[in-house]
Amino acid sequence: MEEVKTLSDLAQLGAGLAIGMAGFGGALGIGIGLKGLMDAIARQPEIAGKASGLFLLGAALAEACALYALVVALMLIGKL
C-alpha cells in the first residue's frame with residue numbers, strides 16, 4: 001500500500017469523507033422526518049397540509065447541511 005505523501009492527498013480524503021457523511025446524514029434525516037410525517041398523517045389525516053409544509057421546511061434544512069459539506073469539500077480540493 002502506498003503512503004499518503006502530500007497534504008493535497010489528505011485534503012482529498014477529507015473532502016470525500018465530508019461529502020459522504022453529509023450525504024448519509026441528510027438522507028437519514030429526511031427519511032426519519034418522512035417516517036414521522038407519515039405517522040402523523042396516519043393518526044390525524046386533517047393535518048396533512050400543515051404537516052407537509054413543515055416537513056418540506058425540515059427537509060430543506062437537512063439538505064442545506066449537505067450543501068455546506070459540499071462547499072467545504074470543494075474548498076478542500078481547491079476548486080472553490
Side-chain angles (χ1 to χ4, degrees):
M1 192 162 135
E2 190 176 316
E3 265 186 57
V4 177
K5 294 187 169 92
T6 64
L7 188 59
S8 175
D9 291 339
L10 291 174
Q12 289 178 359
L13 177 65
L17 287 172
I19 199 65
M21 285 193 254
F24 178 75
L28 187 65
I30 290 174
I32 291 171
L34 186 59
K35 178 194 176 295
L37 174 69
M38 293 296 116
D39 288 344
I41 291 174
R43 281 190 218 124
Q44 292 181 325
E46 66 272 6
I47 65 162
K50 186 175 182 181
S52 295
L54 291 173
F55 167 74
L56 288 176
L57 177 65
L61 291 173
E63 284 298 319
C65 291
L67 288 175
Y68 290 143
L70 176 64
V71 170
V72 167
L74 287 174
M75 289 172 68
L76 281 173
I77 61 173
K79 301 284 184 186
L80 190 64

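- Residues I77 and I19 fall within the same hydrophobic cluster, defined by Ile, Leu, Val, Met, Phe, Trp and Tyr side chains chained together at heavy-atom separations under 4.5 Å.
- Heavy atoms only, all atoms of each residue included: A69 and A18 are closest at CB-O, 3.9 Å.
- Once rounded to the nearest 0.5 Å, the distance linking CG of L56 with CG of L61 reads 11.0 Å.
- Nearest approach of I41 to S52, heavy atoms of both residues: CD1-OG, 4.3 Å.
- Hydrophobic clustering (side-chain heavy atoms under 4.5 Å, transitive across Ile, Leu, Val, Met, Phe, Trp, Tyr) groups I32 together with F24.
- A distance of 12.0 Å separates CE of M75 from CG of L70, quoted to the nearest 0.5 Å.
- Following chains of ILVMFWY side-chain contacts shorter than 4.5 Å, one can reach M21 starting from L13, so the two form part of one hydrophobic cluster.
- Here L37 contributes atom CG and I30 contributes atom CD1; the two are 12.5 Å apart, rounded to the nearest 0.5 Å.
- At a threshold of 4.5 Å between side-chain heavy atoms, the hydrophobic network of Ile, Leu, Val, Met, Phe, Trp and Tyr places L54 and L34 in two separate groups.
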